[in-house]
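Structure first, commentary second.
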Amino acid sequence: MVENVIYPAYLDAELSRSKGRRVAAEEALSNPTVDEIAQAVQQIGYDAVIERDVTYSREYEPRGRVLAQGTEDTTKNDLVQAVAAYVGLLRDDS
């Protein structure tokens with residue numbers, strides 16, 4: 001089973017690319033949470049496992065991460081782009 005790891009830093013608008021952001025600045029979000037990311041991963045159609053006490057290697061505070069399971073049919077970049085888009089939609093609905 002293929003797992004892709006998604007850290008909140010990948011989607012964080014406050015970070016630069018060199019600090020870990022992996023989406024375009026226009027698609028980035030302010031303070032994304034692992035709960036939002038996990039919900040987006042599930043909406044896309046993959047299983048999501050939240051690990052809350054994990055720290056991204058370029059950060060000092062633990063914000064957690066989400067393991068997206070069963071992602072054999074997509075690339076990590078495509079997955080992160082889709083998650084960013086879904087989290088943006090989820091925020092617009094609330």
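Being a predicted model, the structure only gives us computed values, none of them experimental. We number each residue from 1, following the sequence as shown. Just so it is clear, the values below take in all heavy atoms, side chains as well, and ignore hydrogens, waters and symmetry mates.
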Which residues satisfy the side chain to side chain contact (heavy atoms under 4.5 Å, CB included) test with R22, sequence neighbours excluded?
-> Y10, K76, V80

To the nearest 0.5 Å, what is the distance between CG (N31) and CG (L11)?
-> 11.5 Å

Quick one: side chain to side chain contact (heavy atoms under 4.5 Å, CB included) partners of A28, sequence neighbours excluded?
-> A13, R21, V23

Contacts of E59 that satisfy side chain to side chain donor-acceptor pair (under 3.5 Å) - sequence neighbours left out | R63

4.5 Å side-chain heavy-atom contact, P8 and V34 | yes

When rounded to the nearest 0.5 Å, the distance separating CG of L67 from CZ of R65 is 5.5 Å

Please determine if E14 and K19 form a salt bridge, counting it only when a charged side-chain N lies under 4.0 Å from a carboxylate O.
-> no

Taking the side chain as every heavy atom from C-beta outward, state whether Y86 and I37 have any pair of such atoms under 4.5 Å apart.
-> no

Who passes side chain to side chain contact (heavy atoms under 4.5 Å, CB included) against R58, sequence neighbours left out?
-> Y56

Decide if atom CG of D73 counts as having more than 12 heavy atoms of other residues, nucleotides or ligands within a radius under 6.0 Å.
-> yes

Could you list the residues that satisfy side chain to side chain donor-acceptor pair (under 3.5 Å) with S30, not counting sequence neighbours?
-> none

Verify the cluster assignment for Y7 and I44: are they in a single hydrophobic cluster under the rule of side-chain heavy atoms below 4.5 Å apart?
-> yes

Same hydrophobic cluster for Y46 and V5, using side-chain heavy-atom links shorter than 4.5 Å among ILVMFWY?
-> yes

Which residues satisfy the side chain to side chain contact (heavy atoms under 4.5 Å, CB included) test with D47, sequence neighbours excluded?
-> Q69

Are L89 and L29 in one and the same hydrophobic cluster, where Ile, Leu, Val, Met, Phe, Trp and Tyr link if side-chain heavy atoms are under 4.5 Å apart?
-> no

Check whether any side-chain heavy atom of V54 sits under 4.5 Å from a side-chain heavy atom of R52, and report yes or no.
-> no

Is the backbone N or O of T33 less than 3.5 Å from a side-chain atom of E36, with the two atoms forming a donor-acceptor pair by type?
-> yes

If you group Ile, Leu, Val, Met, Phe, Trp and Tyr by side-chain heavy-atom gaps below 4.5 Å, do L90 and V41 land in one group?
-> no

Is there a path from I6 to L15 through hydrophobic residues (I, L, V, M, F, W, Y) whose side chains come within less than 4.5 Å of each other?
-> no

Considering only heavy atoms from C-beta outward, does the side chain of T71 approach that of E3 to under 4.5 Å?
-> no

